[in-house]
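Report on the following structure.
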Amino acid sequence: MAASLQSLNPALTRTFACSHRPSFAPLRSSFLNRHSASSVSFKPLVSFRSFAPPLAAVSSAADTDSAKTFHGLCYVVGDNIDTDQIIPSEYLTLVPSNPDEYEKLGSYAMIGLPASYTTRFVEPGEMKTKYSIIIGGDNFGCGSSREHAPVALGAAGTKAVVAESYARIFFRNSVATGEIYPLESEVRVCEECKTGDVVTIELKENDSVLINHTTGKEYKLKPIGDAGPVIDAGGIFAYARSTGMIPSASSA
């Protein structure tokens, strides 16, 4: 299937290719207001999350609301982490729709970080990371528009990224693939936390927070709005099918 959102559904076109605030209510969030462009066309995307086993890092206390509460170790990076650092280009030949290659893609997540990051995000020989939450600085996900970047993080076992700001296309790809929650902090949390700190993210409608249990500090997060249900559904196409915007796979 090689079609843009424009050829699939006019409502999706208005949502993802607009220069003004869209009138399409289910996606009225900050995802659209801050990250829309005058002309954007997405390749068809599928959800790859079904290939990944549940995260051990998500606490059992959050099982009843695991899509809204994430708990585990954090991995801290600085500003301008680009997509080549997240997943170098030599690994883009891996096909995420293949379960084995999806898992292998995750094993290479963040492998492009410079040598100054002495702690590996995924240990050599391992397929998953022990860090379920990434904390970054400004302009996280800059560089190329490769969809493999958020997919690799999700495949590695990451549930959310908390950053001061994001490159627009990385943010949109994160939501469109349904792989990770791209959350924005109100302060530079990357200067307050250290790799290995135990943290919890609590997502609520108006007062989402990141709690660092190691230091005892809390940090307010900006609401993700109605982009959340898109991620919960497994990405934009899964969300569109679940809401009847495009035909479901069973009826196609």
Side-chain angles (χ1 to χ4, degrees), residues 31 45-58 66-67 70-92 94-97 99 101-113 117 119-123 126-137 139-185 189-190 193 195 199 201 203 210 224 227-228 230-232 234-236:
F31 159 52
L45 298 170
V46 297
S47 172
F48 309 115
R49 289 189 303 171
S50 59
F51 303 136
L55 269 181
V58 178
S66 59
F70 310 120
H71 177 82
L73 303 178
C74 71
Y75 189 88
V76 181
V77 294
D79 298 330
N80 302 310
I81 299 299
D82 63 42
T83 53
D84 202 53
Q85 293 173 328
I86 296 171
I87 186 69
S89 59
E90 57 262 39
Y91 304 114
L92 301 186
L94 294 170
V95 180
S97 58
E101 295 192 16
Y102 174 85
E103 188 174 26
K104 192 172 183 180
L105 185 68
S107 71
Y108 296 121
M110 305 295 275
I111 201 171
L113 289 173
Y117 290 89
T119 300
R120 287 280 295 270
F121 183 66
V122 180
E123 292 294 335
E126 298 294 328
M127 303 300 287
K128 299 291 181 182
T129 182
K130 63 182 179 180
Y131 304 102
S132 57
I133 297 166
I134 295 174
I135 296 176
N139 202 28
F140 188 92
C142 57
S144 73
S145 60
R146 65 193 65 169
E147 298 161 3
H148 287 67
V151 173
L153 295 180
T158 301
K159 299 299 289 184
V161 178
V162 175
E164 186 179 7
S165 67
Y166 292 89
R168 174 181 60 84
I169 294 179
F170 177 87
F171 187 101
R172 292 163 68 84
N173 282 343
S174 298
V175 177
T177 59
E179 287 287 335
I180 56 173
Y181 271 85
L183 304 168
E184 290 183 309
S185 58
V189 181
C190 64
C193 300
T195 294
V199 300
I201 293 174
L203 294 182
L210 182 145
I224 195 167
V230 180
I231 302 171
D232 289 340
I236 185 61

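All values reported here derive from a predicted model rather than from experimental measurement.
- The shortest non-hydrogen separation linking V122 to G106 is CG2-O, 3.7 Å.
- Applying the ring pair (Phe, Tyr, Trp, His ring centres under 6.0 Å) test to Y108 and every residue at least two apart in sequence or in another chain returns Y91.
- For the atom pair SG of C190 and CD1 of I135, the computed distance is 8.5 Å after rounding to the nearest 0.5 Å.
- Side-chain atoms of H148 come within 3.5 Å of backbone atoms of L94 as a donor-acceptor pair (strictly under, hydrogens ignored).
- Looking at every heavy atom in both residues, G141 comes nearest to A167 through O-CB, 3.3 Å.
- Of the possible donor and acceptor atoms, none in the side chain of S107 sits under 3.5 Å from a partner among the backbone N and O of M127.
- Contact of the N173 side chain with the E179 side chain is not registered, since no non-hydrogen atoms from C-beta on lie closer than 4.5 Å.
- With rounding to the nearest 0.5 angstrom, the CE atom of M110 is 11.5 Å from the CZ atom of R120.
- Within the 4.5 Å cutoff, the side chain of T195 has no heavy atoms near those of the C74 side chain.
- For an aromatic pair to be called close, the ring centres must be under 6.0 Å apart, and F140 with F171 fails this.
- When all heavy atoms are compared, the tightest approach of S89 to D84 is N-OD1, 3.2 Å.
- By the 4.5 Å heavy-atom criterion applied to side chains, F121 and V77 are not counted as neighbours.
- Summarising the geometry, atom CG belonging to L183 is positioned 5.5 Å from atom CG belonging to L203; distances are rounded to the nearest 0.5 Å.
- One N or O on the side chain of T129 and one on the backbone of Y131 form a donor-acceptor pair closer than 3.5 Å.
- Here the closest non-hydrogen pair linking E164 and D79 is OE1-OD1, 4.5 Å.
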Is there a side chain to side chain contact (heavy atoms under 4.5 Å, CB included) between N139 and I81 once you walk through the steps? CA-CA 7 Å; N139 202 28; I81 299 299; over 6 Å; no

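- The shortest distance between side-chain heavy atoms of S185 and L210 does not fall below 4.5 Å.
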Start with the C-alpha distance between K159 and Y181, add both sets of side-chain angles, then the distance that settles side chain to side chain contact (heavy atoms under 4.5 Å, CB included), and finish with yes or no. CA-CA 6 Å; K159 299 299 289 184; Y181 271 85; over 6 Å; no

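- Atom CD1 in I133 sits 12.0 Å away from atom CD1 in I180 (nearest 0.5 Å).
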I'd like to know whether V199 forms a side chain to side chain contact (heavy atoms under 4.5 Å, CB included) with F70, so could you lay out the CA-CA distance, the side-chain angles of the two residues, the decisive distance to 0.1 Å, and finally the verdict. CA-CA 8 Å; V199 300; F70 310 120; over 6 Å; no

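- Side-chain atoms of Q85 come within 3.5 Å of backbone N or O of D82 as a donor-acceptor pair.
- Between V162 and P182, every side-chain heavy-atom pair lies at or beyond the 4.5 Å cut-off.
- For the pair L73 and S132, the minimum side-chain heavy-atom distance is 4.5 Å or more.
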Evaluate the criterion side chain to side chain contact (heavy atoms under 4.5 Å, CB included) for residue pair V161 and Y75; output intermediate values, then yes/no. CA-CA 9 Å; V161 178; Y75 189 88; over 6 Å; no

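- Judged as a side chain to side chain contact (heavy atoms under 4.5 Å, CB included), and not counting sequence neighbours, the contacts of A149 are T83, I86, I87, R146, F170.
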